[in-house]
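A short write-up of the structure that comes next.
Sequence lines set the chain letters: A, B, ... in the order given, protein chains first and strands last, and positions in each chain run from 1.
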Amino acid sequence: MYSNGTESLIKQAREIQESELQKFYSRLIKLLQGKEHGHETIDSLQRLRLIVFATKYTRTLPPELHKSLLSLLSSPVEQLQVLSSAVLRETLPLAAQAENYNQDGNSQLNTHAAAVLLAQLLRGLDNRPSEGPTTHLLPHTLPIVNSILTHSPESLTEDNVTLLSKKLVDWLRYASTTQGGGASSGGFFTGSRSRQPLPIAELDGTVSGDFFTVLCVGQGFTEDQWMNVYSFSMLRHWLLTFHSVPGGTIADTANRLQLSLSLSHSISNVCFYSNTNDNCCSMSRTCFFELEPVTMATAQLVLRGQSSSPPLATCCFADDRSEMDGSVVSVVSVTSSSSRLLPPKERLREKAFQYCQRLVEQSDRKAQKKTDGDLQKACLVEAVCILDSVCVEDPSFVYRVFPCIKALFGRLSSDLSFARVLLPVAQFYLNHGEMAAVDCDCVWNLVLGRFPAELFNDPFLAHELLRFLRLNLENVQLRVPQYIRHFPNLLKFLAWDSPAVIDDFVDLLPSMVTSGTALELLHTLLDLPCLSATLLLQHRSMCLPISDPGGRNLASVNAFRNPSFRGLFLFLLRGEAGAGDTIDRLSTLLELLSEAADWPRVVQCAQTVPILLHIFFNAVVNVADRTLLGQVLLVTLERSSLLLNSPKYITEIHRVFSRQLINLCKLHPSLVIDQSHELLEFAGATSNVYNKQEVYTHVVLVLGEYLSVSYDSRCSTKLITSCFETLEAVLFEITSSAPHPGTGCPAPRAITTLMSALAKLASRSHDLIPRVSLLLSKLRNVSSGGSVSWCEDDEDLDSVLTLGEELCALLKMPGVAQSVLNPPAHVTAPRWHQDTNVAMPLQLRALTRLTQAHASHAQHTPTSPSPHTST
Amino acid sequence: MVVAFVIHTVCPIGALAPGESRVLYSRVFGPDEALFQGGQRLQLNAEERRLLSVEKLAVVARQVQSAVSLHREASGHPPVETLPGEEALALQDADTGVLRLRCGDPYLQEVSALWLAVNCLSFVILCEPHENLLLAEGTLRNLARHCLEHLHMLGQGSEILLKSSRVDVLLSRLLPHGQLVFLNHRFAQSLEKDMAAYMHK
């Protein structure tokens, strides 16, 4: 909950007065000087934290306070460590360090400093942590190392990598197989060791017969079992970063990794907070290497911990201790006895393989707790990803791993609750299926077929599946022929949760546009809101009983259940393309779904369609020939009256159609001749002026613009005349009678576009000039009374009449009219307006100056010239 | 690696413009990516970098807020108000989802934002998209449960601001240095005891 009290606290913290703040600081300094830090200190520190957190501007602490906070980092009280670290994270380092931070050549130093820190950290791994403040230290070492690995992999030397690889092998493969500590002990590693050790158990409660993994349970855990958990958690990242590169350095590897994983996180140089109080001085002075204060504290603890304890028996470097375990050795373990001869990195790879295989086995057990069931799935995902990266690094593993992956697929493919586990499996098939000569069809039919069809409402699956397709797009297009065919299925994700996945489809959609799919895809995109409504109906009919009161009164629910409409809905819900571009009874379907137009999910979906249509049109011109583009153009004309009944949606789609109509015709002016019959039919229907104003205007525009012999030699006088007559009839009709009740006046823009188009056509066929002049003068005479029934706004009427007069005047000089109304293509080029030698503006300015000079001479009146005379 | 953990509001607040969100807790792991931009070191001082980092989190909070409200609008049922003591129920009914934040919007690399919205609060884990999202989802749920319980976030109090160190401690156990950890219920129990001991101090 968020209460007014919380809001006011933030406000207070932000608006605290400087004097008050200084008082607070000095009180806190005094408190911190005391030996004992009680409740008041903690409370004040928490307030300080709120004050520095609440504002986006950085507060500067007094140096004395800053130093006290630094020394608190190594306080034995965890609360004080946490609070001081939190405050230090939000404030600036001390001035002296800030200077250092800005020095050049700093990154070099960082690498060295990082190496020092790492060496210390790694040395700490060999030592048993002592009691007291170091208790939480060991488990955090690996996350810290992983953090360094992410942000500055070149800090690790070859020796570090070897050492850590060996350690990881020890922890992963040879952690104790008996339970540690008592259940009652609590906390890390603090259990009593006096009890009789019990063997660890599997998640289903049976005694474990093999090595320890994250899927093993016990009453308590030993240190190396904890390390097993942290090792596995970072294993994938480790393998990806430090795979063996023959002859390559680690820096090369790191660079390659950055490219391949697009881990664009860079080396970071946040100043390392210096600690002035003890043996870490020398190190912290040189360490301007990034790590947050709490990490520094941990690092110091490592340093201190190292002196006191003997080496941990389980951490020594045994070559291979599978024989030392004494436990039952599984099939997995037996295959590995030769691995002791491998170099550390290869050996780690081998052990990672065994570990993952064991996890796959273990995941088949029935977990007693639900959370462990979820963990099994997460482990499967991780295991398959690790196996994949092992195979990418060393293809000889493919033959060993594939049986395991295949068996996993066989085991899980019928259970959709494992869908997200099967995505990494699919990735494995995609990467290695060809090499292993495995039939992958069943995988793709599942991933592209059943998943979207049945799990379209799982946001995480949608995210992961679409991401998988995005990242592997090239590979998928090459190796998965089913991909394109399944676009109706994939679009279900979009229809269900448009805002969450629109970004993915912006990237994916172009790959779905091919000459084979273009028309069907266009229809499908236009019907997307219908699909959204149908998915809702389907979802509702599956989840709710038929007698559900919420759905009883909805006509669409009844229609969905009505067998005679079944086919229509099934067409929308089809999983694969190829059954036909659209259906005959689309209008029936649209009518059935008309009440869905304002359902929020449908509205959200409808809002994304215009974006996708633009992407579609931009892509289709690259893959389609003129014949296909002609068909696309016809679909837009046809579908402009066949859309889900939502005025806003229709307006938006018409806008896209209009814009793309112009683009298509500009790119291929011959399209206008190719499709002249249908375009004229559309332009000749007077009703289109009223209910498809935007599209109508643009159709008339392209007819006037591109129906010219200069664009296509097939353009005959007969065609121009027939087009002229069609448009003339419409213009006459809409300007000579009052509109039908309820339709409203025609848009002035439609009228002016018709007038311009007629004038353009006439300028190309001079016989038509008298007819257009006659029509235009009629228009002027009719409206001389001041108001007409077809135009409500006087200003609009004025504009229409002015244009009429201009066109009439222009057409009196047919030669000029031809050049003005049919300008050559290059006038639209930017050069025409920029190049001073050919520039139109220059000519216009000269003319304007002349006419203005003339006017002022002639009249000597102070009236400014109207825009018309100035141009 | 997890990039950040954030708790922020997702309902309209009187003091803020519609669509704005209040970040109540945030923790960024790892280094500040504002240091580098396209391989070039940015000449930003520490103060500017913090500002940039805070602004980026604010962008994330706004995007998540809009995702949550669109999600709730689409699902058609308004969030059920839950009371203190009903944490488990609140979590069960929580809306959850994932958002792709493109390169440069606002982070340099692509980031997946997993969110879990309870009443008018949202818990967010920002992670690298190749992370194990199943594990991240479980970790987010676990973190949210502990936050709700230990900071009494279903009530009217302001403990999220006044006892935020508790969240730090939860993170240090369940998400140490941004590392997602595979914890079975026994390991989780052991950590929970440890955390409970801290909370009762």
Side-chain touch [X]/[Y], heavy atoms, less than 4.5 angstrom:
X        : Y        : answer
A/Glu78  : B/Val169 : yes
B/Leu134 : A/Phe460 : no
B/His177 : A/Thr141 : no
A/Cys385 : B/His130 : no

Tell me, for [X] versus chain B, whether the close heavy atoms (under 4.5 Å) come from the side chain, the backbone, both or neither.
X        : answer
A/Thr60  : neither
A/Arg59  : neither
A/Gln79  : both
A/Asp458 : neither
A/Glu7   : side chain
A/Leu50  : side chain
A/Cys216 : backbone
A/Lys369 : side chain

What option among [options] has the most heavy-atom pairs under 4.5 Å with chain A?
options                              : value
B/Thr9, B/Val54, B/Leu16, B/Val98    : B/Val98
B/Glu47, B/Arg102, B/Glu73, B/Arg166 : B/Arg102
B/Pro176, B/Ala58, B/Ser75           : B/Pro176

What option among [options] has the most heavy-atom pairs under 4.5 Å with chain B?
options                               : answer
A/Arg49, A/Glu382, A/Arg601, A/Lys377 : A/Arg49
A/Asp374, A/Ile10, A/Thr371           : A/Ile10
A/Gln225, A/Gln604, A/His39, A/Gln368 : A/Gln604
A/Pro499, A/Gly218, A/Ala500          : A/Gly218
A/Leu471, A/Asp503, A/Val229          : A/Asp503
A/Lys56, A/Arg47, A/Lys11             : A/Lys56

Testing the 3.5 Å rule here: is there a donor-acceptor pair between the side chains of A/Gln46 and B/Ser164?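 The criterion, which ignores hydrogens and geometry beyond distance, is satisfied for B/Ser164 and A/Gln46.
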Treating A/Asp372 as the side-chain partner and B/Asn184 as the backbone partner, does any N or O pair qualify as donor plus acceptor under 3.5 Å?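 Not at all, since once roles are kept as given, no pair shorter than 3.5 Å links the two residues.
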Determine the interplanar angle of the B/Phe187 and A/Trp226 rings, folded into 0 to 90°, and report it as parallel if under 30°, tilted if 30 to 60°, perpendicular if over 60°.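 Taking A/Trp226 first and then B/Phe187, their aromatic rings stand perpendicular (interplane angle over 60°).
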Side chain, backbone, both or neither of [X] within contact of chain A (heavy atoms, under 4.5 Å):
X        : value
B/Thr96  : both
B/Glu55  : side chain
B/Arg22  : side chain
B/Leu114 : side chain
B/Leu180 : backbone
B/Ile13  : side chain
B/Tyr198 : side chain
B/Glu159 : neither
B/Pro84  : neither

Looking at [X] and [Y], what are the two nearest heavy atoms and their distance?
X        : Y        : answer
B/Arg50  : A/Val52  : NH2-O, 2.9 Å
A/Arg467 : B/Pro129 : NE-CB, 3.2 Å
B/Ser158 : A/Gly5   : OG-C, 3.8 Å

With side chain to side chain contact (heavy atoms under 4.5 Å, CB included) as the test, would you mind laying out the steps for B/Leu133 and A/Glu464 before giving the verdict? CA-CA 8 Å; B/Leu133 293 189; A/Glu464 288 179 345; 3.0 Å; yes
Using a strict cut-off of less than 4.0 Å between a Lys/Arg side-chain nitrogen and an Asp/Glu carboxylate oxygen, indicate whether [X] and [Y] qualify as a salt bridge.
X        : Y        : result
B/Asp168 : A/Arg89  : yes
B/Arg100 : A/Asp507 : yes
B/Glu110 : A/Arg470 : yes

For atom CG of A/Asn4, decide whether the heavy atoms of other residues, nucleotides or ligands shown that lie under 6.0 angstrom number more than 12.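 Not more than 12 within 6.0 Å, no.
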Nearest-0.5 Å distance, [atom1] of residue [X] to [atom2] of residue [Y]:
X        : Y        : atom1 : atom2 : value
A/Leu375 : B/Leu135 : CG    : CG    : 7.0 Å
A/Asn146 : B/Met1   : CG    : CE    : 5.5 Å
B/Ser165 : A/Ile42  : OG    : CD1   : 8.0 Å
B/Leu51  : A/Thr55  : CG    : OG1   : 8.5 Å
A/Thr6   : B/Met153 : OG1   : CE    : 9.0 Å
B/Gln189 : A/Gln219 : CD    : CD    : 8.5 Å

Take A/Leu215 and B/Phe182 through the test side chain to side chain contact (heavy atoms under 4.5 Å, CB included) and record every step on the way to the result. CA-CA 9 Å; A/Leu215 292 180; B/Phe182 291 84; over 6 Å; no
Could you walk me through whether B/Asn132 and A/Arg236 pass the side chain to side chain contact (heavy atoms under 4.5 Å, CB included) check? CA-CA 10 Å; B/Asn132 189 327; A/Arg236 172 154 61 124; 4.1 Å; yes
